[in-house]
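Notes for the one structure printed next.
The figures that follow rest on heavy atoms only: side chains count, while hydrogens, waters and symmetry mates do not. From a predicted model like this one, the values you see are computed outputs, not experimental measurements.
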Amino acid sequence: MATAAMGNNRRTALSLLAVSGRMINEAVSFVVFVLLDLLDFILCFVFKIADFLMEAEWGPCYCSSSAKEAVTKSGKILVSEKGGESKIVCLSTWSTKLQLEDVSDTLYRRPYLVSEVSKSTVNEFRRLKHLDQPAASTTTTTTMTTIQSSSPIETKKTSTGCYYHKNGTTTVRSTFTVNSTIVEMLQGKIGGHQPQLGPRWSDYNKGATTEDVLFIHGFISSSKFWTETVFPNLSSSAKSKYRLLAVDLLGFGRSPKPADSLYTLREHVEMIERSVLDQYKVKSFHIVAHSLGCIIALALAVKHPSSVKSLTLLAPPYFPVPKGEQATQYVMRRVAPRRVWPPIAMGASIACWYEHISRTAVLLISKNHRFLEFLLRLLTRNRLRTYLVEVFFCHTHNAAWHTLHNIICGTAGKLEGYLDAVRERLSCPVTVFHGRDDELLPVECSTSLQLRIPRATVNVIDKTDHITIVVGRQEAFARELEHIWSITSSSSP
């Protein structure tokens with residue numbers, strides 16, 4: 001009896017300690033991120049003045065730009081100054097057509113913490129007040145107009161730049177707004193800058209091989225995440241059989257870093273197609289992807305369903321969006337919860353919420369990278385993996401900022417469609433690995449993915465996190481990959 005009582009007391013004490021820890025974390029986080037809101041606001045003006053002094057023009061940013069009417073010299077952006085949320089609508093460039101869903105609204109809809117808390121508090125008071133009031137009998141009449149089309153819709157452009165969709169005698173005017181920062185970036189982009197393609201896009205094994213494997217890294221990473229870990233630990237027979245293609249995503253590693261790119265999912269996928277699949281004449285392939293790279297891998301697999309032999313995903317960032325929630329905003333708050341603990345959540349929050357603070361951090365790191373690398377090696381006694389440090393010096397703020405928002409947040413509403421397409425249109429095996437101690441993307445991301453793709457095999461690895469799911473166990477992971485590939489090869493006709 002005494003032992004049981006002591007056990008209950010200990011559990012109660014641990015529970016109280018956990019609650020206290022959460023409360024302290026929330027209180028400290030509130031103060032810290034309110035101060036960061038203020039700092040980012042100040043840095044906005046600092047950068048505008050600096051850009052004006054150096055470039056003789058005010059530099060655009062998402063936190064202060066407003067929607068405006070603009071049509072680029074190609075005349076392909078459909079915008080309107082009045083009403084609605086700021087959205088990109090249509091763009092024809094040298095690469096493709098940029099559509100409405102390509103650009104995430106989280107780029108320019110990131111409310112300050114104080115205003116968000118105030119709004120939620122007011123809404124809660126209204127909800128409580130509504131519950132206290134007696135129910136009244138009310139009648140609401142809703143009028144809905146539906147335009148049905150049985151013939152192709154004709155699109156015409158007016159002299160003002162607005163487009164009309166004409167079907168028979170019914171004419172519907174489409175009005176949208178576009179964030180002015182996006183317009184200014186794209187006006188420079190439409191000039192026709194061609195992408196620089198070359199072998200620096202990927203590191204690969206040039207031996208006589210029979211099958212191809214495409215490796216896609218995650219956020220703030222590079223092809224070295226694979227070439228320094230998995231590649232050296234693959235067996236000789238695997239290296240002779242498989243051609244290993246480790247991609248540097250657009251804007252990262254040794255890949256081009258165009259200043260006028262919005263780094264959308266479409267751009268990332270098309271650059272992989274042009275610089276890897278087309279250049280190396282890849283017809284069928286296995287895919288191995290980590291974190292953010294899993295989203296690009298899913299989009300690529302859905303686009304080439306008959307070419308994918310196997311799909312291996314590590315820590316996929318899949319958050320099922322509750323009904324009634326706006327997908328992009330919900331995922332941004334899950335990935336970047338504005339908490340000081342754990343540290344990886346703090347870093348993700350700064351990178352996601354604060355445009356100018358993250359820009360400052362990238363500038364400081366890039367200008368002092370030699371000293372910082374020396375300091376890190378000194379403090380860790382050369383125990384820190386060199387390639388994990390180098391990736392922080394091989395990207396631009398523009399690439400990281402747009403990739404984070406347009407891939408992680410912007411695809412939140414598409415991801416379930418991709419997963420359903422993989423389930424229904426692809427016959428290849430799907431294998432998922434997730435670290436049990438991953439504090440950035442919880443294990444529930446992978447288990448939720450399995451609910452959408454029941455045939456997927458989910459492996460939760462104990463005592464590993466977002467990085468150590470590969471780093472530190474690369475030899476074991478190499479064996480696991482070889483097993484997946486061998487099963488696929490033996491079962492193929």
Cationic tip of R338 within the cone over W353's six-membered ring, i.e. under 6.0 Å and within 45° of the normal?
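Verdict for W353: a cation-pi partner in R338.
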Rounded to the nearest 0.5 Å, what separates atom [atom1] in [X] from atom [atom2] in [Y]?
X    : Y    : atom1 : atom2 : result
C445 : F319 : SG    : CZ    : 3.5 Å
I408 : T403 : CD1   : OG1   : 10.0 Å
K239 : L234 : NZ    : CG    : 6.5 Å
C409 : R334 : SG    : CZ    : 12.5 Å
I272 : L214 : CD1   : CG    : 6.0 Å
S275 : Y280 : OG    : OH    : 8.0 Å

Test your reading of the model: is there a side-chain donor-acceptor pair from [X] to the backbone of [Y], 3.5 Å cut-off?
X    : Y    : value
H304 : L300 : no
T488 : I484 : yes
T396 : A399 : yes
R110 : T106 : yes
D40  : I357 : yes
S486 : H483 : yes
S240 : S237 : yes
T411 : K414 : no
H217 : L249 : yes
Y263 : L404 : no

Taking all atoms of both residues into account, what is the closest heavy-atom pair of [X] and [Y], and its distance?
X    : Y    : answer
L250 : P256 : CD1-O, 3.6 Å
L313 : C294 : CB-SG, 3.8 Å
L311 : A297 : CD1-CB, 4.3 Å
C352 : H405 : O-NE2, 2.9 Å
S446 : P316 : OG-CD, 3.3 Å
A315 : L441 : O-CD1, 3.3 Å

E325 vs R333, salt bridge (charged side-chain N to carboxylate O under 4.0 Å, His left out): CA-CA, chis, key distance, verdict:
CA-CA 11 Å; E325 292 277 359; R333 284 162 173 77; over 6 Å; no
May I ask you to say whether [X] pairs ionically with [Y], meaning some side-chain N is under 4.0 Å from a carboxylate O?
X    : Y    : result
E211 : R243 : no
D420 : R423 : yes
K283 : D278 : no
D105 : R109 : yes

Would you say the ring centroid of [X] lies under 6.0 angstrom from that of [Y]?
X    : Y    : answer
F215 : H286 : no
Y112 : F33  : no
W226 : F231 : no

Please lay out, stage by stage, how H434 and L314 fare under the test side-chain contact (heavy atoms from CB on, under 4.5 Å).
CA-CA 6 Å; H434 213 117; L314 290 84; over 6 Å; no
Do [X] and [Y] make a side-chain contact, defined as non-hydrogen atoms from C-beta onward lying under 4.5 Å apart?
X    : Y    : result
H397 : L363 : no
V362 : W401 : no
V31  : V28  : no
I287 : T312 : no
Y318 : E416 : yes
R339 : N25  : yes
T457 : N459 : yes
S223 : V247 : no

Which class fits the ring pair F219 and F252: parallel under 30°, tilted 30 to 60°, perpendicular over 60°?
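Perpendicular: the ring planes of F219 and F252 meet at over 60°.
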What I want to check is whether the side chains of [X] and [Y] have a donor and an acceptor closer together than 3.5 Å.
X    : Y    : value
Y242 : E482 : no
E267 : T264 : yes
H402 : Y62  : yes
N406 : S104 : no

Considering residues, nucleotides and ligands other than E475, do more than 12 of their heavy atoms fall under 6.0 Å from its CD?
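Atom CD in E475 is not packed in, count stays at 12 or less.
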Evaluate side-chain contact (heavy atoms from CB on, under 4.5 Å) for F285 paired with K309, printing each intermediate quantity in order.
CA-CA 6 Å; F285 50 94; K309 292 186 173 183; over 6 Å; no
Which is it for H356 and K48 under the side-chain contact (heavy atoms from CB on, under 4.5 Å) test, yes or no, and what are the steps along the way?
CA-CA 10 Å; H356 303 291; K48 281 189 176 297; over 6 Å; no
Check the pair H290, I469 against side-chain contact (heavy atoms from CB on, under 4.5 Å), reporting the backbone distance first and the verdict last.
CA-CA 10 Å; H290 175 242; I469 188 68; 4.2 Å; yes
Within residues 454-470 or reaching into it, pairs that qualify as salt bridge (charged side-chain N to carboxylate O under 4.0 Å, His left out) - sequence neighbours excluded:
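As it turns out, the salt bridge (charged side-chain N to carboxylate O under 4.0 Å, His left out) pairs with a partner in residues 454-470, which skip direct neighbours, are R436-D462.
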Excluding sequence neighbours, so at least two apart, what forms side-chain hydrogen bond (donor to acceptor under 3.5 Å, both in side chains) with E228?
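side-chain hydrogen bond (donor to acceptor under 3.5 Å, both in side chains) list for E228, sorted by chain: empty.
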Could you please spell out the steps behind the side chain to side chain donor-acceptor pair (under 3.5 Å) verdict for D37 and Y354?
CA-CA 8 Å; D37 284 342; Y354 300 107; 2.8 Å; yes
